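For clarity, every value in this text was computed on a predicted model and none was experimentally measured.
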Amino acid sequence: MRKETEIVADGIGIELLLFGQIRDIVGKDRMAIEMDSDCSLPDFSAILTDRFPRLANQKLLFAVNEEYVSADTILKDGDTVAIFTPVSGG
């Protein structure tokens with residue numbers, strides 16, 4: 001299931017990879033997003049929640065360029081952001 005969507009503005013490009021429940025909510029496993037400028041992870045999360053309101057009910061985890069990141073991370077042009085929910089196992 002490889003689909004791409006683009007949310008267009010002017011500025012930086014972010015590749016978004018979606019996993020698990022996030023992929024199910026959004027209906028895609030990959031998106032390209034362009035934004036006006038570099039932005040913080042909380043601001044980026046708010047943009048996604050505005051576009052996909054069901055994400056507001058999810059605990060989101062983020063990895064940027066294949067590394068887990070903290071909330072104070074600033075996203076820059078060309079970053080790849082993976083979004084998923086916590087998983088538990090036994």
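- In plain terms, the two heavy atoms of Ala71 and Pro42 that are nearest each other are O-CD, 3.0 Å.
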Give the C-alpha distance, both sets of side-chain angles, the deciding distance and a yes or no for side chain to side chain contact (heavy atoms under 4.5 Å, CB included) between Glu34 and Ile12. CA-CA 5 Å; Glu34 290 190 19; Ile12 68 167; over 6 Å; no
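- Applying the ring-ring contact (aromatic ring centres under 6.0 Å, His included) rule to Phe84 yields the partners Tyr68; only residues at least two apart in sequence or on another chain are considered.
- Put simply, the side chain of Glu15 reaches to within 4.5 Å of the side chain of Arg30, judged on heavy atoms.
- Minimum heavy-atom separation, Met35 to Ile14: CE-CG1, 4.3 Å.
- Pairing each heavy atom of Ala56 with each of Thr49, the nearest pair is CB-CG2, 3.5 Å.
- Taking the charged nitrogens against the carboxylate oxygens, Lys76 and Asp38 do have a contact shorter than 4.0 Å, which makes a salt bridge.
- To the nearest 0.5 angstrom, Leu75 atom CG is 5.5 Å from Leu41 atom CG.
- For Gln21, the side chain to side chain contact (heavy atoms under 4.5 Å, CB included) test picks out Gln58, Thr85, with sequence neighbours left out.
- Side-chain contact between Ile25 and Leu55 is present, with heavy atoms from C-beta onward closer than 4.5 Å.
- Side-chain contact check for Leu60 versus Ser45: some heavy-atom pair is nearer than 4.5 Å.
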Run Glu66 and Thr80 through side chain to side chain contact (heavy atoms under 4.5 Å, CB included) and show every step you take. CA-CA 8 Å; Glu66 300 182 13; Thr80 298; over 6 Å; no
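- Under the 4.5 Å side-chain heavy-atom criterion for ILVMFWY residues, no single connected hydrophobic cluster contains both Phe62 and Phe19.
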Go through the steps for Leu17 and Val81 under the test side chain to side chain contact (heavy atoms under 4.5 Å, CB included), then give the verdict. CA-CA 6 Å; Leu17 306 176; Val81 179; over 6 Å; no
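- Leu18 and Leu61 are members of different hydrophobic clusters when ILVMFWY side chains are connected at heavy-atom separations under 4.5 Å.
- Side-chain atoms of Asp77 come within 3.5 Å of backbone N or O of Gly13 as a donor-acceptor pair.
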Would Leu16 and Leu48 satisfy side chain to side chain contact (heavy atoms under 4.5 Å, CB included), going step by step from the backbone distance to the final call? CA-CA 11 Å; Leu16 193 56; Leu48 291 177; 3.8 Å; yes
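- Side-chain contact between Thr73 and Phe44: absent, with no pair of heavy atoms (C-beta onward) separated by less than 4.5 Å.
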